[in-house]
Visitor: 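Can you read through this structure? Questions will come right after.
In this chain, numbering begins with 1 at the start of the sequence shown. Only heavy atoms go into these numbers, but all of them, side chains included; no hydrogens, no water, no symmetry mates.
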Amino acid sequence: MLDTQFETLASAVPADRHLAVLRRDGGTPLDSMLRRLFADQPVSVGADAARGAAATTDADDVAVLVEDGEVLASSPLAALERAVLLVNSDLYTTGTLPLADADLPAVLTELADVPFRLRGYPLAHKEKLLLIAMSRQIELRAARAGAGEIHSSFQQLSRIDDEVGTRRTYRRLAASGAAVHVYGEPDWDPESALDVTAHTGYGAGYSDSWFVVFDPPADAVGPHTTPVALLALETEPRVWRGIWTFRPEAVAELAAVIRREL
């Protein structure tokens with residue numbers, strides 16, 4: 001079911017993508033932080049990726065995402081620091097970072113359709129942060145749109161209640177006008193606390209998946225109404241394969257499978 005959907009998403013392999021920090025005054029320790037974050041991932045990191053990119057931006061301190069020698073996206077270095085480099089996942093789960101401030105820089109969101117293999121704590125300290133940050137970005141998009149449907153899985157539904165930031169996020173989503181569907185093992189009743197629809201079960205799709213899917217209305221217009229989906233599967237304890245996409249047909253297909261099968 002969802003594993004088939006993952007393979008379908010991952011089959012749309014993009015061209016080679018490279019990340020680099022571009023500074024007018026030379027190198028930066030953030031290069032090494034980026035390398036650690038994307039170690040063993042299909043995204044290379046290094047100063048060579050910025051060659052030829054300097055002419056495309058007037059900013060002094062930026063991160064650039066390069067594809068086939070062309071700059072696909074650029075973002076202020078400070079935005080990348082705030083999003084993933086100088087933070088940890090507690091920023092999102094404890095509510096320290098409000099949902100309204102969960103925008104991600106384009107150099108990260110444009111890594112769409114790239115399949116990642118990520119480890120959770122204690123196997124790694126920050127690898128899963130990329131998926132956590134992207135999940136919050138999708139939730140923010142749905143809250144701003146205030147329409148359509150959002151489908152989110154948590155493995156255990158009690159996670160919504162246990163994580164202050166997550167509970168605040170889903171309270172805001174429920175009040176936004178979007179239809180909110182949550183999925184996971186039934187160790188807590190979210191319907192009694194939030195205006196959401198809960199789908200419960202055990203095993204494949206419930207206990208081993210992590211998805212956040214925003215499916216806007218077909219006639220939706222505006223800057224926050226682009227379909228987007230994240231799907232991750234736990235292949236072994238604390239090890240995940242994850243990917244996100246903005247392709248409308250892929251988002252619609254994944255949403256349809258979730259509605260039908262879970």
Visitor: Side chains of H18 and V45: does their closest heavy-atom pair fall under 4.5 Å?
Guide: no
Visitor: Test your reading of the model: is there a side-chain donor-acceptor pair from E149 to the backbone of A179, 3.5 Å cut-off?
Guide: no
Visitor: Measure the CD-OG distance between Q155 and S207 for me, rounded to the nearest 0.5 Å.
Guide: 8.0 Å
Visitor: What are the two closest non-hydrogen atoms of L157 and P186, and how far apart are they?
Guide: CD1-CA, 4.5 Å
Visitor: Can L118 be reached from W244 by stepping across I, L, V, M, F, W or Y side chains whose heavy atoms are under 4.5 Å apart?
Guide: yes
Visitor: Is it true that a side-chain atom of E110 and a backbone atom of A73 form a donor plus acceptor pair closer than 3.5 Å?
Guide: no
Visitor: As an exercise, state the distance from CE of M1 to CG of L233, rounded to the nearest 0.5 Å.
Guide: 9.0 Å
Visitor: I want to check something: taking the side chain as every heavy atom from C-beta on, are L194 and I160 in contact at a cut-off of under 4.5 Å?
Guide: yes
Visitor: Do you know which two heavy atoms are closest between L85 and M33, and how far apart they sit?
Guide: O-CE, 2.8 Å
Visitor: Going through the distances and angles, do V84 and L37 end up as a side chain to side chain contact (heavy atoms under 4.5 Å, CB included)?
Guide: CA-CA 9 Å; V84 294; L37 183 64; 3.8 Å; yes
Visitor: Can you give me the closest heavy-atom contact between A142 and I150, atom names plus distance?
Guide: CB-CD1, 3.9 Å
Visitor: Rounded to the nearest 0.5 Å, what's the gap from CG on D187 to CG on D161? Could you check?
Guide: 9.5 Å
Visitor: On a heavy-atom basis, which atom in R17 and which in V114 lie closest, and how many Å separate them?
Guide: NH1-CG2, 4.0 Å
Visitor: Does the pair R141 and Q137 meet the rule for a side chain to side chain contact (heavy atoms under 4.5 Å, CB included), with working shown?
Guide: CA-CA 6 Å; R141 184 182 297 263; Q137 172 67 42; 4.3 Å; yes
Visitor: To the nearest 0.5 Å, how far apart are CG in L230 and CH2 in W210?
Guide: 7.0 Å
Visitor: Provide the closest heavy-atom pair for W188 versus A193 in the form atom of the first, atom of the second, distance.
Guide: CZ2-CB, 3.8 Å
Visitor: Does a side-chain N-to-carboxylate-O contact under 4.0 Å join E234 and R117?
Guide: no
Visitor: Would you please classify the geometry between the H199 ring and the Y183 ring as parallel, tilted or perpendicular, with 30° and 60° separating the classes?
Guide: parallel
Visitor: Kindly work out whether a path of hydrophobic side-chain contacts (I/L/V/M/F/W/Y, heavy atoms less than 4.5 Å apart) joins V182 to V164.
Guide: no
Visitor: I want to check something: taking the side chain as every heavy atom from C-beta on, are L97 and R136 in contact at a cut-off of under 4.5 Å?
Guide: no
Visitor: Would you call E7 and R241 a salt bridge, taking side-chain N to carboxylate O under 4.0 Å as the test?
Guide: yes
Visitor: Under 3.5 Å, side chain of R119 to main-chain N/O of W240, donor-acceptor pair present?
Guide: no
Visitor: Supply the atom-to-atom distance E81 CD to S75 OG, rounded to the nearest 0.5 angstrom.
Guide: 12.0 Å
Visitor: In the single-linkage hydrophobic clustering (I, L, V, M, F, W, Y; side-chain heavy atoms under 4.5 Å), do F214 and L140 co-cluster?
Guide: no
Visitor: Before you tell me yes or no, could you show the steps for R82 and V87 under side chain to side chain contact (heavy atoms under 4.5 Å, CB included), namely the whole-Å CA-CA distance, both residues' side-chain angles and the distance that decides it to 0.1 Å?
Guide: CA-CA 7 Å; R82 289 193 301 268; V87 303; 5.6 Å; no
Visitor: Does atom CZ of R259 have more than 12 heavy-atom neighbours from other groups under 6.0 Å away?
Guide: yes
Visitor: Parallel, tilted or perpendicular: which describes the rings of Y170 and F154, with under 30° parallel and over 60° perpendicular?
Guide: perpendicular
Visitor: Any side-chain heavy-atom pair from L111 and F38 closer than 4.5 angstrom?
Guide: yes
Visitor: Could you go step by step and tell me if H181 and V213 meet the side chain to side chain contact (heavy atoms under 4.5 Å, CB included) rule?
Guide: CA-CA 10 Å; H181 297 261; V213 180; over 6 Å; no
Visitor: Between T166 and R159, is there a side-chain heavy-atom distance shorter than 4.5 Å?
Guide: no
Visitor: Please round to the nearest 0.5 Å and tell me the distance separating atom CG of L262 and atom OG of S153.
Guide: 8.5 Å
Visitor: Is any side-chain heavy atom of L173 closer than 4.5 Å to a side-chain heavy atom of E139?
Guide: yes
Visitor: If you look at every heavy atom in L2 and S209, which pair is closest and at what distance?
Guide: CD1-CB, 3.7 Å
Visitor: Verify salt bridge (Lys or Arg N to Asp or Glu O under 4.0 Å) between D103 and R144, making sure each step is shown before the conclusion.
Guide: CA-CA 11 Å; D103 274 312; R144 285 173 170 170; 2.8 Å; yes
Visitor: Going only through I, L, V, M, F, W and Y residues with side-chain contacts under 4.5 Å, is there a path from L99 to L91?
Guide: no
